[in-house]
Number of protein chains: 2
Amino acid sequence: MKLDDLKHAQRERLIFLDRCLTWRGMANRKDLIDHFGISTAQAALDFRVYLSLAHSTPPTYDPVRKTYIASIEHEPLAPSGLTEALDILTSDDEDTPPSALPRPERKADRRTIALLHQAIRSGKALHVRYTSMSSGTDEGQWIAPTRFTSDGESVHLRAHSFKHGEYRNYLPIRIDPDSSFEEKPIDKPLPEDVDWNTRAIIWLRPKTGLSDEQAKVVRREFGFEGEWLRVETRKALEFFFDRRWGLDTVGARLERAKTDYEPI
Amino acid sequence: MKLDDLKHAQRERLIFLDRCLTWRGMANRKDLIDHFGISTAQAALDFRVYLSLAHSTPPTYDPVRKTYIASIEHEPLAPSGLTEALDILTSDDEDTPPSALPRPERKADRRTIALLHQAIRSGKALHVRYTSMSSGTDEGQWIAPTRFTSDGESVHLRAHSFKHGEYRNYLPIRIDPDSSFEEKPIDKPLPEDVDWNTRAIIWLRPKTGLSDEQAKVVRREFGFEGEWLRVETRKALEFFFDRRWGLDTVGARLERAKTDYEPI
DNA sequence: TTTAATCGTATAATTTCTAGATGGACATAC
DNA sequence: GTATGTCCATCTAGAAATTATACGATTAAA
């Protein structure tokens, strides 16, 4: 049996269970019961199924501690990073501040997003008024939205700008909600979005000037062994890279070695 | 009927449906079927239930476009930010780079995390070797882990350091996986973690020097009307705040006005 | 006109899950 | 040492959720 053979609901439960075993190193029926509101019997069944799936490195029951303990060589069924597993490790109260730093979340207008989404779907151009920090609000322009992207901080809109004759990244929040949002079909095919369809392979190395020992720490911290750390993204998103990775700050511990481009 | 009365599985489906209606402004049975692998009949039932829950601002079916369209005044059943809803708006291929910029994910050692978690649970002190960028690897020290936290970038460990006689934030990745991890009970009660139990209320305002128009954009972008934006966190996490919000960079558009502290 | 894609409904069969009872192993308190 | 509580496990009957299948309606496009 495979994880994918299961129904969505049970698969979710087993993945949760798997994460508990991976990051806590232990798990109980109670964890499943509290998290999913299922009965003890079902939780017991889930454990049976999990054990049958994890045949290579099954967890063992420790009657003294009354929990299942992950095997030393535990192999996660579904790989996960620590960041994604954070909520498994923390337990926040309702009325106290959370244990994670709040993010600078940009608010977005529901209706604007929906209109953009529908323009993407139907391949229409939209008339919008856009405000940039530098030049202020424009008088309205036609754009052809193609997709949503993210720089990890906020959501961007990738669109062809007829005004500038090129593809650009827009922040949906800066689109005036009172724009006309007039629609029109795109008469002649849009040019290819070359930057989007170009793979950018960025090679990073510990910052010049770090001691050997410090460089070693940086390598372990970012999980690479050799000289370089390879990160892959799209050329269209590369602009955001340095800020997102903090390469432009004083305390940066990584720097770019080189960047390769190849069409996708 | 309330959303909370439903079983976990169906609640998940309705929340997904709700997000589609909120951010796409439209939804189909097919969305549910593709995302959860349920039958058309079940998807139809889910729509019935959703409509009964969203009695105040129900979506309507548009036979021309063959989809449900969210009401203009659509009220989400479960509020969500745009960032969380990003995956609803994007559709990534398997073998092309994703449409989101990769994050600088720190790798973490499973076993180390599990040991820390278990020490937190059982209230034990642990002997670890810690490497800091400045002072290099120490010879080992006793710490009393209390909880995991996050600065939004990577996961931290909050622990009482016996060596320094105070609570500190540690990066689990910098704990040597070959530490002894010797356990010992905590003999006398730990002091209160004052910084953790202090609420930090940070008041931000558009950066001095911005034009009125620019300030207006910033206000809309971060979703506040009046003079200040109020952000709440814990004093123990405040150290990470400026970096996370980019207040320390050249292009910052927000600055701190003041900070209030109050015990939790 | 036909085909395809939506929507909807209904029924019976199947799977999943619950409720409630029972028993065993162990730790702790008395 | 015995009682108690808390985990684990399992069993069965029944409730609930879900599927499979079939059928009908509307609309757009080939």
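Computation of the quantities below employed the complete heavy-atom set of this structure, encompassing side-chain atoms and omitting hydrogens, waters and symmetry-equivalent molecules. Keep in mind the model is a prediction, meaning the values are calculated, not measured. So you know, we letter chains A, B, ... as the sequences are listed, proteins then strands, and number each from 1.
For the OP1/OP2 pair of C:dT6 and a distance below 4.0 Å, the side-chain nitrogens and oxygens of B:Asn28 include no atom meeting the criterion. The phosphate of C:dT16 has neither OP1 nor OP2 within less than 4.0 Å of any side-chain N or O from A:Arg11. Between B:Arg29 and C:dC7 there is a side-chain N or O to OP1 or OP2 distance below 4.0 Å.
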Check the pair A:Asp176 / A:Tyr130 against side chain to side chain donor-acceptor pair (under 3.5 Å), numbers first and verdict last. CA-CA 6 Å; A:Asp176 189 340; A:Tyr130 192 74; over 6 Å; no
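The residue B:Arg65 sits apart from the nucleic acid: no heavy atom pair falls under 4.0 Å. In this structure, B:Phe47 reaches neither bases nor backbone, as no heavy-atom distance under 4.0 Å exists between it and the strands shown.
The separation between B:Leu45 atom CG and D:dT21 atom C1' is 15 Å, rounded to whole Å. Atom CG of A:Leu6 and atom P of C:dT16 are 9 Å apart (whole Å). Rounded to whole Å, the distance from CG on A:Asp46 to P on C:dT15 is 17 Å. At whole-Å resolution of the value, CD in A:Glu12 and P in D:dA17 are 18 Å apart. We find that CZ of B:Arg121 is positioned 11 Å from P of D:dC7, with the value rounded to whole Å. Protein atom CD1 of A:Ile33 is 10 Å distant from nucleotide atom P of D:dA9, rounded to whole Å. The CG-C1' distance, from A:Asp31 to D:dC8, rounds to 14 Å in whole Å. Note: CG (A:Leu32) to P (C:dC17) measures 11 Å, nearest angstrom.
Annotation: A:Phe181 is not in aromatic contact with A:His127 [ring centroid separation under 6.0 Å not met]. Less than 6.0 angstrom separates the ring centroid of A:His35 from the ring centroid of A:Phe16.
Listed candidates were C:dC7, D:dC8, D:dT21. Nearest to the side chain of B:Ala41 is D:dT21. The side chain of B:Tyr61 lies closest to C:dC7 when the candidates are D:dA9, D:dT19, C:dC7. Closest approach to the A:Arg48 side chain among C:dC26, D:dT18, D:dA9 is made by D:dA9 (side chain taken as heavy atoms from C-beta onward). Listed candidates were D:dA9, C:dC7, C:dT6. Nearest to the side chain of B:Lys30 is C:dT6. When each of C:dC17, D:dT10, C:dT6 is scored by its nearest atom to the side-chain atoms of B:Lys66, the top-ranked nucleotide is C:dT6. Proximity note for B:Ala44 (side chain, C-beta onward) versus C:dT18, C:dT9, C:dC7: the nearest is C:dT9. Of the listed nucleotides (D:dA16, D:dC7, D:dT19), D:dA16 has the atom at the smallest distance from the side chain of B:Lys7. Nearest to the side chain of A:Val64, among D:dT18, C:dA27, C:dT18, sits C:dA27.
Figure legend: cation-pi geometry between B:Lys184 and B:Trp142, with NZ or CZ positioned under 6.0 Å from the six-membered ring centre and within 45° of its axis.
Taking the nucleotide of DNA chain D with the nearest heavy atom to each of A:Ala43 and B:Ala9, the more 5' of the two is matched to A:Ala43.
Between B:Arg234 and B:Asp195, no side-chain nitrogen of the basic residue sits less than 4.0 Å from a carboxylate oxygen of the acidic one, so the salt-bridge criterion is not met.
B:His160 and B:Tyr167 have perpendicular rings, their planes meeting at more than 60° on a 0 to 90° scale where under 30° would count as parallel.
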